[in-house]
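Heads up, the thing below is written out as structure tokens.
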Number of protein chains: 2
Amino acid sequence: MTRHETDTPLPEFQLDDFLPYLMAEIATKLSDELAQGYREAGLSMPQWRVMVHLSHAGPVSVRDIERRVSLERPKVSRAAAALEQAGLVTKRPDPSDGRLIALSLTPVGRELMAKLLPRAIAYQSDLETLLGRDLEGLRRGMDKLLTKKAAQ
Amino acid sequence: MTRHETDTPLPEFQLDDFLPYLMAEIATKLSDELAQGYREAGLSMPQWRVMVHLSHAGPVSVRDIERRVSLERPKVSRAAAALEQAGLVTKRPDPSDGRLIALSLTPVGRELMAKLLPRAIAYQSDLETLLGRDLEGLRRGMDKLLTKKAAQ
DNA sequence: CAAAACACGTTTCATTTGCAACGATAAAGC
DNA sequence: GCTTTATCGTTGCAAATGAAACGTGTTTTG
């Protein structure tokens, strides 16, 4: 097979060494594995995150959750609606600001999270054990990537 | 505020220390930054990955791409159709196996990748510079996470 | 105090997704 | 050799996603 003049030379590039790609792969894998824990409780990932945030915070607004668990407002809103429907969360208007809605776990919701959170914690432990002494470097690297300001 | 008997105690759990969550955050961030490079060329992420794979491989089938860049078959199929439409890729039936389709870059496609790939490589370099001596640990950790067999 | 600007949560709508069929070809089993 | 089974690529369809618009309430400004 001869080389035509129109064949533009391309630089070497291995996708499986490429950090954005690898990160996406790992994120998907870990997320899927973790989801085994809460999926059987009927929770979607956005719903799971909302529940997690409500687990260690008092009554919170949709906007709060949006900021702290990085879900877009519509996702939080829909997740909250579904969770209320399922009896896991209550939505009340905030007395001091009519625009805000105060989300809280119901007792049933708390019970569910009391079951699910330990699994998540155990999963994290397993990961940390696996990582061993590389955990520290991984965390430092992840920190740098997370906090760096956007490229160019 | 008094504690009711129905208040189930919940374990401490910080989402922003949680590896699956952090990984998802970083993956999204890096992916978005990278996408600035190819988005303006009209490529979606699946299309970008298909183009990358075609850049350093000969004529390849959809199934091949599916396996090597971890995109589900329908995504590859649709991406390939759009890329053919855009004149960046050609689709021919494989002569030796009638089920397979051979995808290749057109000269225009090669030219485009000759422009885009260096940007991606530069982006990777920037990341590695930022990571400094943590790069090694990060890569080792990522390797472990990627290759570990699924949990329980 | 009225009017403009802003913030919150929801909803709408077009697009993207993921799963499951489907038609077509090839390989395996009998 | 013929039927069954498996593989490939595409397509349909229901659900999820993301951006913008909307209604409501609050703050700011003049």
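The chains referred to below are lettered A, B, ... by the order of the sequence lines, with proteins before strands, and numbering in each begins at 1.
Within residues 96-106 of chain B, the residues approaching DNA chain C are B:D97, B:G98, B:R99, by heavy-atom distance under 4.0 Å. Of the residues in residues 76-93 of chain B, those lying under 4.0 Å from DNA chain C by heavy-atom distance are B:R78. Looking at residues 43-73 of chain B, you'll see B:E72 sit with a heavy atom under 4.0 Å from some atom of DNA chain C.
Boundaries of the chain B contact region on DNA chain C are C:dT17 to C:dA26, first to last in 5' to 3' order (nucleotide atom under 4.0 Å from a heavy atom). Protein chain A contacts DNA chain D over a range whose 5' and 3' limits, counting nucleotides with an atom under 4.0 angstrom from a non-hydrogen atom, are D:dT17 to D:dT26.
Note that CG of B:L54 and OG1 of B:T106 are 10.0 Å apart. Values are rounded to the nearest 0.5 Å.
Not a single side-chain hydrogen bond (donor to acceptor under 3.5 Å, both in side chains) links B:K29 to another residue, sequence neighbours left out. Checked against salt bridge (Lys or Arg N to Asp or Glu O under 4.0 Å), B:R139 has the following partners two or more places apart in sequence or in another chain: B:E128. The side-chain hydrogen bond (donor to acceptor under 3.5 Å, both in side chains) test applied to A:S61 returns A:D64, not counting sequence neighbours. Under the salt bridge (Lys or Arg N to Asp or Glu O under 4.0 Å) criterion, B:R99 pairs with B:D97, not counting sequence neighbours. Scored by the salt bridge (Lys or Arg N to Asp or Glu O under 4.0 Å) test, A:D94 finds no partners at all (sequence neighbours excluded).
At a threshold of 4.5 Å between non-hydrogen side-chain atoms, the residues B:P11 and A:I121 count as touching. Two residues are said to be in side-chain contact when any heavy atoms from C-beta on lie closer than 4.5 Å; A:K75 and A:R49 fail this criterion. Between A:L145 and A:L19 there is no side-chain heavy-atom pair separated by less than 4.5 Å.
Atom CZ of A:R119 is surrounded by more than 12 heavy atoms from other residues, nucleotides or ligands within 6.0 Å.
Listed by first and then second residue, the side chain to side chain donor-acceptor pair (under 3.5 Å) pairs that reach into residues 81-92 of chain B come to none, sequence neighbours excluded. Screening residues 53-88 of chain A for ring pair (Phe, Tyr, Trp, His ring centres under 6.0 Å), with sequence neighbours left out, gives A:H53-A:H56.
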Criterion side chain to side chain contact (heavy atoms under 4.5 Å, CB included) on B:L131 and A:R140, from CA distance to verdict: CA-CA 9 Å; B:L131 289 167; A:R140 270 201 310 265; over 6 Å; no
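Across every non-hydrogen atom of A:L116 and A:A41, the tightest pair is CD1-CB, 4.2 Å.
Side-chain contact, A:S70 with B:Y21: a donor N or O sits under 3.5 Å from an acceptor N or O.
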